[in-house]
Amino acid sequence: MKASQLFYPTLREVPSEAEIVSHQLLLRAGFIRKNTAGVYTYLPLARRVLRKIENIVREEMDKAGGQEIVMPIIQPRELWDKSGRWSLYGEEMFKLGDRHKREFALGPTHEELITTLVNADVHSYKGLPLLLYQIQNKYRDEIRPRFGLMRGREFIMKDLYSFDVDDAGLDVSYQKMHKAYQQIYERLNLKYRVVQADSGAIGGKESHEFMVLAASGESEIVYCTLCDYAANVEKAVCSVDQAVRTEEESRPLTKVHTPGQKTINDIVEFLGIPKTKQIKTLMYSADGELIAAILRGDRELNEIKLKNTLQANELFMADEAVVKEICGAGFGSLGPVGMPVRIYIDLEVAAMNNFACGANEDDYHFTNVNLDRDFTAYAVADLRNAVAGDKCPCCEGNLQMIRGIEVGHIFKLGTRYSQAMQATFLDDKGQEQFFVMGCYGIGVSRTMAAAVEQNYDENGIIWPLPIAPFQVIIVPVNINQADQKAMAEQLYQQLTANGIEVLLDDRDERAGVKFKDADLIGIPLRITIGSKTLQENKVEMKKRWEKESFLVDIDAVIGTVHDIIFK
RNA sequence: CGGGAUGUGGCUCAGCUUGGUAGAGCGCCUGGUUCGGGACCAGGAGGCCGCAGGUUCAAAUCCUGUCAUCCCGACCA
């Protein structure tokens, strides 16, 4: 491809709408343009990258037994009524009507559609397992689209759905996908981590997320430095034996006057009691019922864990006025002693003694509080967020934190959708059974953005070789010099003939402009043709990710490029 | 949906407080000089100042409404 022919409008300045690196660079380098919030046009360079990602995904899906199909974007309401998700998905779905006033949705995901499809045409266990996938635009009317391609309202996703005869079959399909996903991220050449994930209200028992590691990632991940354990903080287990047991004797409960002291820090200062000897009491409304969640003073509540423990559908922090009425004190003065609602305590708290807490009376606290003697817990559960330094739940190692971008997510769905959609087959005993399903997504466009978040410098993008829009860029310093132009053409032809994707910057621009653009769009390998080196029958080569360039004999160019690209 | 901010040529922004009919840099076009890290000189094109009302002799500027975009939060297979 000749740069003079390529549509890649680069920008010198950062468009003001872009906050994060991938958004800024993809805009500046002429990969994407915004149409409306969360909706983008992919220009030629982006299209090339997306295709490469898609092809790697496609190959691995096929290798794992997947078969590609394409499902419609427009889906009728009835399908979604069947699964109950028309209202459940609610606002997040783009909805539209036709001229007959029939209602439709732009597909945010395709479980309903594919379950219907498979149910219509697979009637026997002999047709299973069946793995079908597509790479397609998805539509979600995000409350707040942001970060460019990271959280768009229209995005490209690969979604595969597995259909099996039973749970054992699902396990096999799930493992296949798990492995295929690892292959994919290896091949994309991205640093990533697989983590245990919360499967959400709708998911099944098991779920893993694939995280591309990047400082700007939205998700927090904990991982063990010794073993393979890794999990989304939402999910990370804080096991019992992490709790520091205190061996001291129980001391008598004491009520202390603490005028105006509300926060944990206030008590640290006022009473000289460390955070780790205090507890905090958080009030929640769970499906309308007021409950108390209790944690050590320095810990953070994990709402997802609490929600799962309570098996609540709706959970939000209680209104202070309500709390005051029922408990007799405001937020800063609460405690479990005499608390008139159900008390859920964190595992760690169960191991503490002689701690301090609010007395359910403004301006008073208790010290030397002890579980069972002074109050009883309705349940003890893992409720807090893991933090760096926690003991690994699987081994003797310690946990560390890192940030990541969720680019893949796999779920065991079980029979949730097949039951809702009444999708069945006959097993080998002639019994009617529900399909046992799994679903497996990869955010293709998000993966492109994540690759940028992970690979850039002050000059622009540094594409990993497997997904670079071009592998090599040839820059003749001055295209008006006949010998440079001729050499550029010659190398371009030769490299192209050798199956290498080359961009020839044949524009009549100054060298600086061409270098800047080459760096910005992130082509991994640059070949510079200048008059001095040309006289010595050499060209200059530079790897985008390295600082120094090096000279190569013209005869050796093909071989050198080959070595670098195909390693 | 709450809180905050912003809408002025393709991009980044100034002008708005104290109304008098629009500017800079970059980009773009033409000519010339340049030519290994976003050149220089000269000339030029391009904006009913997001939109709709209102106040006023007069509105980019003041007022009201509205739309859009961005950030924080709530939300989130």
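Here is the naming used below: chain letters follow the sequence lines, and residue numbers restart at 1 for every chain.
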Can you measure [X] atom [atom1] to [N] atom [atom2] for me and round it to whole angstrom units?
X: A/Lys138; N: B/C76; atom1: NZ; atom2: P; answer: 21 Å
X: A/Asp505; N: B/G37; atom1: CG; atom2: C1'; answer: 13 Å
X: A/Ile473; N: B/G36; atom1: CD1; atom2: P; answer: 17 Å
X: A/Ile143; N: B/C70; atom1: CD1; atom2: P; answer: 15 Å
X: A/Glu142; N: B/G73; atom1: CD; atom2: P; answer: 15 Å
X: A/Asp508; N: B/U33; atom1: CG; atom2: P; answer: 13 Å
X: A/Arg544; N: B/G37; atom1: CZ; atom2: P; answer: 17 Å
X: A/Phe411; N: B/C76; atom1: CZ; atom2: P; answer: 14 Å

May I ask you to decide if the ring planes of A/Phe31 and A/Trp463 are parallel, tilted or perpendicular, using 30° and 60° as cut-offs?
tilted
Mind checking whether A/Tyr174 and A/His178 have parallel, tilted or perpendicular rings, split at 30° and 60°?
tilted
Presence of salt bridge, A/Glu68 and A/Arg58, under 4.0 angstrom:
yes
Between [M] and [N], how far apart are the [atom1] atoms? Round to whole Å, please.
N: B/G19; M: B/A59; atom1: P; answer: 13 Å
N: B/G25; M: B/C71; atom1: C1'; answer: 26 Å
N: B/U30; M: B/G20; atom1: C1'; answer: 36 Å
N: B/G50; M: B/C40; atom1: P; answer: 31 Å
N: B/C11; M: B/U69; atom1: P; answer: 15 Å

Base, sugar-phosphate, or nothing for A/Glu111, non-hydrogen atoms under 4.0 angstrom?
base
From [options], nucleotide with atom closest to [X] side chain:
X: A/Arg146; options: B/C1, B/C70, B/C72; answer: B/C72
X: A/Glu13; options: B/C11, B/G38, B/G36; answer: B/C11
X: A/Arg12; options: B/G38, B/C71, B/A77; answer: B/G38
X: A/Val477; options: B/U34, B/G36, B/G38; answer: B/G36

Paired with [N] by Watson-Crick or G-U wobble geometry, both distances under 3.5 Å: which nucleotide is it?
N: B/G73; answer: B/C1
N: B/U12; answer: B/A24
N: B/G7; answer: B/C67
N: B/A42; answer: B/U30

Of the options A/Asn385, A/Thr309, A/Asp382, which is the one that meets A/Asn302 in a side-chain hydrogen bond (donor to acceptor under 3.5 Å, both in side chains)?
A/Asn385
Using OP1 and OP2 only, check whether a side-chain N or O of A/Ser16 sits under 4.0 Å from B/U12.
yes
Distance-only donor-acceptor check, side chains A/Gln419 and A/Thr415, under 3.5 Å
yes
